[in-house]
Amino acid sequence: MTLPWHSLDTNLFARARQLLDEGWIANDPLLAPVLPVVLERGVGQDWHKAGTFRHHLYGVARSLALWRQPHDVQLLGLLHSVYGNAFVDLVKFDANTERERLQGLVGEQAEHLVHLFCTMSRNQFINKVLERDFDDDGGMELELNGPAPRETVRLTPREVAAFIVVSMADTIEQWFSWQEEIYSRSPNVDTSRRQSVHWAASLWPGPMRPPSRKISQISQLGLALGHPGLRDLLPVPPVFNHCTASVSKEHDAASTSLYWSVIGLEQPLVDLDVATHVLEQAVRLNPWVGEPQMVLAQVYLSAGRQEDAVLAAQSALQCFSAWGNAWDKRVQWDAWIAWTRILLQSAEQGTWPERLDKLNNLALRT
């Protein structure tokens, strides 16, 4: 059965390669001037989900840069939680006293987006987007955070589009199995669950399994950008075939489970046939993340199937280049790309080592 491989967009891959160096953001003419002020607030020391707050902010900004978002949206990504919000208690700028300072640093338009994104009800926003509860022009009435009765605000269509795109980047950068447990079924979390009862699920970082529900949700956010009032307001992220395709909840969950069964060595280990079939099915169910395709490329190489390995590795690179962040958080995005390029090089040149110890010698030559 044919697999849904993606062709490698060389222009997109070239843009992704420019972001592989950790110093990319310090050389960005838009974002670099903001960094000293952000870093002096200790973001590199704050814990945040699968890493530090700096790691999170940089990762969100990286996806938005890769997706060619306008300056104010990229700045929103870099600063999207600095006033705090309902999800985290991190407050790096006091919204009561420091708005003017941030406005002076990034401009009134970008600061307005940051402040609104931090103070609006993000749960209500995500639910309304998923339910396609827009005004006719693509705008949206939304509550602000705070005690009842809550104030309301009307988002313009462009604000809605910007917050959808940033929410997509924000989610892919941070979500993994630990967060999926403690914040299960987000945005509709059951707040009655007690930590002492679910202590095992609370142990950080847990098994680092990829999420089982979030790719489906992100795909639905992307589809919402096709609303007539939102279309063409911002560049469409390249994920999900430029946000024209989706993954069902059922396929998302099943694909993750199949992938993780191979990673966890729960399939027969002597012969490759079962693991191969399981990974192929994972790719069929969710062809929009690169990690299962990358692992499948290595399995194909081990089986001597170089042509298939080329297709799988190229497709994996396309997925990694489209996201700008890793789905499987066990290693970072740049490491996934580096190993995939090793696999592609080995498949194209027919140089995959026969000896196990020689895997340690592999190096990229292109």
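Along the sequence shown, residues are numbered consecutively beginning with 1.
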Listed by chain and number, what are the side chain to side chain contact (heavy atoms under 4.5 Å, CB included) partners of P235, not counting sequence neighbours? Q69, P70
Can you list the residues that meet the side chain to side chain contact (heavy atoms under 4.5 Å, CB included) rule with A32, with sequence neighbours excluded? none
Side chains of residues 24-31: which donor-acceptor pairs under 3.5 Å do they make with residues two or more places apart or in other chains?
| residue | atom | partner | partner atom | Å |
| --- | --- | --- | --- | --- |
| N27 | ND2 | G23 | O | 3.2 |
| D28 | OD1 | L30 | N | 2.8 |
| D28 | OD1 | L31 | N | 3.0 |

Please list, chain by chain and in numerical order, all residues satisfying side chain to side chain donor-acceptor pair (under 3.5 Å) with Q74, sequence neighbours excluded. none
Under the side chain to side chain donor-acceptor pair (under 3.5 Å) test, residues paired with R305 that sit two or more places apart: D308
Side chain to side chain contact (heavy atoms under 4.5 Å, CB included) with S216: which residues, sequence neighbours excluded? K249, D252
Identify every side-chain donor-acceptor pair in residues 295-303 under 3.5 Å, counting partners at least two apart or on other chains, and give the distances.
| residue | atom | partner | partner atom | Å |
| --- | --- | --- | --- | --- |
| Q298 | OE1 | W339 | NE1 | 2.9 |
| Y300 | OH | E280 | OE2 | 2.6 |
| S302 | OG | Q298 | O | 3.2 |

So for atom CG, which belongs to D357, do other residues, nucleotides or ligands contribute more than 12 heavy atoms lying within a distance under 6.0 Å? yes
Do R101 and F93 form a cation-pi contact, if we require the NZ or CZ to be under 6.0 Å from the six-membered ring centre and within 45 degrees of the ring's axis? no
Could you go through the side chain to side chain contact (heavy atoms under 4.5 Å, CB included) check for V73 and R158 one step at a time? CA-CA 10 Å; V73 178; R158 189 179 185 276; 4.2 Å; yes
Pair up each side-chain donor or acceptor in residues 317-327 with any protein partner under 3.5 Å, not counting sequence neighbours, and list the distances.
| residue | atom | partner | partner atom | Å |
| --- | --- | --- | --- | --- |
| Q318 | OE1 | D9 | N | 2.8 |
| S321 | OG | L317 | O | 2.8 |
| W323 | NE1 | W288 | O | 2.8 |
| N325 | OD1 | R62 | NH2 | 2.8 |
| N325 | ND2 | G59 | O | 2.9 |
| N325 | ND2 | S63 | OG | 2.8 |

If you look only at distance, which donor and acceptor atoms sit under 3.5 Å apart when one is on a side chain in residues 163-178 and the other is two or more places apart or in another chain?
| residue | atom | partner | partner atom | Å |
| --- | --- | --- | --- | --- |
| S167 | OG | F163 | O | 2.6 |
| D170 | OD1 | H56 | NE2 | 2.8 |
| D170 | OD1 | H80 | NE2 | 3.3 |
| D170 | OD1 | Q174 | NE2 | 2.8 |
| D170 | OD2 | R122 | NH2 | 2.8 |
| D170 | OD2 | Q174 | NE2 | 3.4 |
| T171 | OG1 | S167 | O | 2.8 |
| E173 | OE1 | H56 | ND1 | 2.5 |
| E173 | OE2 | H55 | ND1 | 3.1 |
| Q174 | OE1 | Q179 | NE2 | 2.8 |
| Q174 | NE2 | D170 | O | 3.2 |
| S177 | OG | M208 | N | 3.4 |
| S177 | OG | R209 | N | 3.0 |
| S177 | OG | R209 | O | 3.4 |
| W178 | NE1 | S202 | O | 2.9 |

Who are the side chain to side chain contact (heavy atoms under 4.5 Å, CB included) partners of R17, not counting sequence neighbours? F13, L20, R341
Run through the side-chain heavy atoms of Ile, Leu, Val, Met, Phe, Trp and Tyr, join any pair under 4.5 Å, and report what else lands in V197's cluster. none
Under the ring pair (Phe, Tyr, Trp, His ring centres under 6.0 Å) rule, what pairs show up with a residue in residues 127-156, not counting sequence neighbours? F134-H227
